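To start, the structure under review is shown below, and the notes come after it.
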Amino acid sequence: MQLIVCKDYEAMSLKAAELAVEGIPAGRGLISFPGGDTPLGMIGEFVKMVNQGKADISQTRYVSLDEWVGLGVEDSGSCAWFNHTHLLSKLQKSFLETHIINGKAADIDAERRGLDSFIEQYGPLDVSVLGIGMNGHLGFNEEDAGFDLNAHIIPLSATTKKVMHKYFTPEYQPEQGITQGPKQIMAARRVILIANGAHKAEILSKSFRGPVSQAVPASILQKHPNCFVVADKEAAAGL
Ligand code: GLP
């Protein structure tokens, strides 16, 4: 793991966007960004680079990382809504193709298979940008999600349920998440995990200084050969 400690959120966002752009191979590529609060700045910087012609995504495909089962693109706070609002609608040049998980699909298992097929056809991911949950989850790979899983549907952990209403109103009560699996994340050519704020310090330290264990999903990244952790000073305090 290569640790990059940044002086603040803005510096973290810029560095992560630069690493993401650098990881896109010329003439092709598959990339994935997370939802949540952490990546807002990074996505803003990425959009700027594309719109200013500093990054070429014309041959790059984009796949979303995860989604709340039961929420769709029209539901404010869903991951699909996040992708459309902060990324896709802001880009003046488009990706070659996008695959955004539909958490409202009538057949959610077919949706899961569709995610697997897309990654199998166009993958492995060249760049996987990830946030980290308070329990160490990556996407919705909650505690004890098998490290050998591809895309899967999983009950949300108590920790995730506690924090989820910062994204959407309590009328939504999702019970499950659909997510890329650890196997697909670990197959990515470059992983960029971003974290900011003192509240992420403990879980970052557990993930990268503790043992590799399914109880802390992000700890699997210790075994990734090309993983960057880009964190602000507060989040990196225990690393
Ligand atoms: C969410 C998402 C993750 C995200 C994480 C951290 O529940 N499933 O993909 O990375 O939790 O979110 P935040 O950046 O808001 O702390």
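In this chain, numbering begins with 1 at the start of the sequence shown. Quick caveat: nothing in here was measured; it's all calculated off a predicted structure. Just the heavy atoms: all of them, side chains too, but no hydrogens, waters or symmetry mates, feed the values below. Note that ligands are numbered from 1 as they come in the structure, with each ligand's atoms numbered from 1 the same way.
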Is Lys166 salt-bridged to Asp37, going by a charged N under 4.0 Å from an acidic O?
yes

Against Trp68, only a single residue in Phe168, Trp81, Phe82, Tyr172 fulfils ring-ring contact (aromatic ring centres under 6.0 Å, His included); can you say which?
Phe168

Using heavy atoms and a threshold below 4.0 Å, how should the contact between His137 and ligand 1 be classified: side chain, backbone, both, or neither?
side chain

Should we count NZ of Lys206 as having more than 12 external heavy atoms under 6.0 Å?
no

Note: Asp8-Lys233 ion pair, threshold 4.0 Å (strictly below)
no

Distance filter under 4.0 Å to Gly131 heavy atoms, resulting ligand 1 atoms
10 (O)

Looking at ligand 1, would Lys166 count as a contact under a 4.0 Å heavy-atom criterion?
yes

Can you check whether Trp68 has an N/O within less than 3.5 Å of an N/O in ligand 1?
no

Option set Leu193, Asp66, Ile194, Asn196, criterion heavy-atom distance to atom 2 (C) of ligand 1, minimum:
Asp66

I need the nearest protein heavy-atom contact for atom 13 (P) of ligand 1: residue, atom name and distance, please.
Tyr167 OH, 3.3 Å

List the closest protein heavy-atom neighbour of atom 4 (C) of ligand 1: residue, atom name, distance to the nearest 0.1 Å.
Gly35 O, 3.9 Å

Would Asp148 and Lys183 satisfy salt bridge (charged side-chain N to carboxylate O under 4.0 Å, His left out), going step by step from the backbone distance to the final call?
CA-CA 5 Å; Asp148 56 345; Lys183 203 170 168 187; over 6 Å; no

Judging by distance only, is a nitrogen or oxygen of Lys200 under 3.5 angstrom from one on ligand 1?
yes

Taking the non-hydrogen atoms of Met164, is any one of them nearer than 4.0 angstrom to ligand 1?
no

Looking only at distances, please establish whether an N/O atom of ligand 1 is found under 3.5 Å from an N/O atom of Gly133.
no

In the protein, what heavy atom is nearest to atom 14 (O) of ligand 1, and what distance, to one decimal place, separates them?
Thr38 OG1, 2.4 Å

If you measure from each non-hydrogen atom of Ile132 to ligand 1, which part falls under 4.0 Å: side chain, backbone, both or neither?
backbone

